[in-house]
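Notes follow the structure.
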Amino acid sequence: MDNINNKDNNFQKLADLLFPDVTHTPDYYEEKYPYRKLPSKAEVTRMAPSPTGFMHLGNLYSALADERIAHKKGGIFYLRIEDTDEKRKVDGAVETIINVMRYFNIEFDEGAGFEDTGADNAYGPYFQRQRVEIYHAYVKELVKKGLAYPCFCTEEELEKTRKKQDADKVLTGYYGQYATCRNLSFEEAEANIKAGREYVIRLRSQGSPDGEIIFKDSIKGEVKLPENIHDIVLLKKDGVPTYHFAHAIDDHLMRTTMVIRGGEWLASVPIHYELFNVLGFKMPAYGHTALLMKFDEETGGKRKLSKRKDPELSLDYYRKDGYHPYCMKVYLLTLLNSNFEEWHEKFPDKDINEFPFSVSKMSQSGALFDKDKLHNICKNELSALTEYEMYDFLHNWAREHEPEKCKTWFKDKEKMLGILRLYMGIGMKRRRKDFIYARQVFALISYFFDFEGEEGVQEKDPFRFNSSIINEVLNEYLKTYNHNDDNTAWFNKLKDIADKYGFASDMKAYKKEPEKYKGNVSDIAEIIRIAITGRANTPDLWAIVHVMGQEQMESRINKVLGQQEN
RNA sequence: GGCUCCAUGGUCAAGCGGUUAAGACAUCGCCCUUUCACGGCGGUAACACGGGUUCAAAUCCCGUUGGAGUCACCA
């Protein structure tokens with residue numbers, strides 16, 4: 001009995017030695033951060049990035065899930081910055097994160113960066129580095145209970161035992177008999193500290209090697225995992241917590257009810273399980289999302305998105321190319337909830353935020369990022385905009401990414417609107433679907449503007465006839481052209497050209513006996529189209545000429561005629 | 001390698017013991033069309049393999065194989 005008391009006493013002494021300045025107890029914080037008063041079923045979720053400022057599609061993917069889960073039932077979605085690793089810090093990252101999320105229409109209710117915005121922010125601070133005294137209070141408590149201890153092992157020593165474990169083919173790590181600092185006496189620890197040796201604080205794991213936990217994941221269902229037996233690091237030598245420990249404290253104190261995170265975290269659930277247990281916290285619900293995958297050209301297989309290897313999947317990239325945020329959201333939602341696509345098609349006019357998002361409908365296996373699908377969605381969504389919305393979207397994008405064109409192309413608003421109407425098929429029976437993203441749109445319509453600088457014919461859309469035919473057709477076209485012709489009269493002239501040079505003006509006749517002709521009226525139109533626009537695919541030619549004007553059209557054709565003669 | 005998760009067409013996916021195995025993207029063909037598109041119709045194409053359980057298996061169980069994730073004083 002004396003022995004036990006003595007031991008407890010030593011833990012208390014150790015705790016005071018380690019954390020002489022910690023005055024608050026866990027109870028203080030429990031009271032300071034009470035349970036949130038929220039409607040029933042409302043979830044509290046969060047996004048918790050490290051402040052590198054780099055975000056890729058995968059981050060948006062799970063942030064969107066978090067946001068939907070919180071906001072569909074009046075919950076809270078907040079931003080916490082996990083800046084415990086000094087090396088990862090990048091200036092301005094928080095602003096970047098908030099701005100990127102805002103670009104995609106994902107708003108936080110509170111958190112980092114919202115200190116002066118009138119948000120409640122009652123559960124802050126939201127930067128982990130500003131929370132060290134909180135972490136210390138809890139660690140001190142653990143030390144006092146004998147559930148944590150200082151470890152003085154150096155990196156070299158750790159490396160040495162790891163190698164030995166490897167050689168012996170046993171589990172690597174700091175646990176059991178390998179956890180040498182576990183049983184240091186108070187006096188030894190005290191001597192080490194007085195000698196100025198650096199140390200970390202480790203958990204004294206209570207797990208057993210053949211223990212098993214059954215964990216219920218909101219997405220994956222029941223998962224059997226081995227108990228944690230590692231004496232994991234709680235506080236690094238600079239006194240800052242590791243991710244695991246900070247996660248337990250923060251999500252408990254910030255009263256998070258559901259943690260949606262990437263599947264790469266599933267393997268550390270046993271650690272979190274023990275941590276919550278040892279701290280006396282109730283675990284939040286967890287949903288481990290399937291990772292968004294990418295086809296790897298090198299290996300010919302799938303792998304998770306990597307920020308180093310896939311810069312083209314960074315959210316910045318999508319902004320730079322001018323993908324409309326709404327389209328991105330629709331795409332991600334179709335990946336996130338398999339029934340979304342159907343719902344969206346059924347109720348195209350409903351706000352996508354009204355979709356009953358469901359965690360249980362989330363995919364189990366990793367979806368391959370599919371650019372074709374994204375583009376298809378972009379085409380569809382963009383074709384539903386008005387020309388004015390499109391104008392504003394392009395204008396805003398250009399202001400940031402194409403400042404030159406922003407000045408020149410948008411000088412004549414009516415002209416630009418005319419082009420957009422033409423390309424979007426506004427006023428036609430059906431909308432066209434040519435537009436995918438801003439940069440692509442600019443490339444599509446460039447011939448209306450960069451007329452002088454650009455060469456006539458783009459390589460991928462070359463003429464399919466020889467130059468003498470092209471010359472004949474173009475010359476005849478210019479000769480007979482009358483800017484006052486209406487669409488029908490204009491097209492009849494194309495037919496005349498067809499007849500004159502051995503092309504079929506009647507499609508049905510052509511189909512019956514194609515060998516009798518050089519081609520058909522469609523080929524005539526193609527030649528003229530390519531000459532004027534440099535492209536084989538454009539909207540109605542007559543309309544194009546009436547937006548660009550006769551002069552520009554003629555100048556363009558003459559230029560091609562000049563090239564053909566050389 | 002240990003542990004874990006996953007496995008339906010090229011891609012995303014419905015499917016929860018009995019289906020002609022949906023749908024979307026991509027692809028191909030036809031139709032519509034005075035040119036480009038849009039649109040309409042149709043085609044090709046899948047339950048990884050092997051054992052069970054069952055009257056009946058894509059569906060449940062066990063193995064195999066394959067893919068992915070993770071094993072830090074990074075998150």
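Reminder, nothing fancy here: chain letters follow the sequence lines and each chain counts from 1. Predicted model, so just to flag it, every value in this text is computed and none were measured.
Closest to the A:Glu341 side chain, of the nucleotides B:C73, B:G23, B:C36, is B:G23. Taking only side-chain atoms of A:Val233, from C-beta outward, the nucleotide of B:C73, B:A26, B:A75 with the closest atom is B:C73. Set against B:C25, B:A13, B:C36, the side chain of A:Asn537 has B:C36 as its closest nucleotide. For A:Met428, counting side-chain heavy atoms from C-beta on, the closest listed nucleotide (B:C5, B:C25, B:A37) is B:A37. Side chain of A:Leu225, nearest nucleotide from B:A75, B:U4, B:C12: B:U4.
For B:A26, one of the phosphate oxygens OP1 or OP2 lies less than 4.0 angstrom from a side-chain nitrogen or oxygen of A:Asn376. For B:A13, the OP1/OP2 oxygens have a side-chain nitrogen or oxygen of A:Ser363 closer than 4.0 Å. Contact check, A:Lys236 against B:A75: a side-chain N or O comes under 4.0 Å of OP1 or OP2. The side chain of A:Thr52 contributes no N or O atom lying less than 4.0 Å from OP1 or OP2 of B:A75. Distances shorter than 4.0 Å separate some side-chain N or O of A:Ser338 from OP1 or OP2 on B:A14. Distances shorter than 4.0 Å separate none of the side-chain N or O atoms of A:Lys224 from OP1 or OP2 on B:C5. Under 4.0 angstrom from either OP1 or OP2 of B:A75 there lies at least one side-chain N or O belonging to A:Thr84.
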Which dot-bracket string fits RNA chain B when only Watson-Crick or G-U wobble pairs with both atom distances under 3.5 Å count, crossing pairs get [ ], and | stands for a partner on a different strand?
((((((((.[[[..)..(....]]].(((((.......)))))....[[[[[..)....]]]]])))))))....
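A:Lys433 comes within 4.0 angstrom of sugar-phosphate atoms only, judged by non-hydrogen atoms across all strands, and of no base. Counting non-hydrogen atoms under 4.0 angstrom, A:Arg431 reaches the backbone sugars and phosphates but no base.
A distance of about 7 Å separates the C1' atoms of B:C61 and B:U53, rounded to the whole Å. Comparing the P positions of B:C73 and B:C16 gives a spacing of 47 Å, expressed to the nearest Å. Separating the P atom of B:C62 from that of B:C5 is a span of 11 Å, rounded to the nearest Å. Taking atom C1' in both B:C12 and B:A46, one finds a spacing of 13 Å when rounded to whole Å. Using atom C1' as the reference point in both B:C47 and B:U20, the two lie 16 Å apart (nearest Å). Only the C1' atoms considered, B:G42 is 38 Å distant from B:C60, to the nearest whole Å.
Ring-plane geometry between A:Tyr510 and A:Tyr517 is classed as tilted, the angle between the planes lying from 30 to 60 degrees on a 0 to 90 degree scale. Taking the six-membered ring where tryptophan is involved, the planes of A:His375 and A:Tyr437 are tilted, since the angle between them lies from 30° to 60°.
With hydrogens and angles ignored, a donor-acceptor pair closer than 3.5 Å exists between the side chain of A:Arg432 and the base of B:C36.
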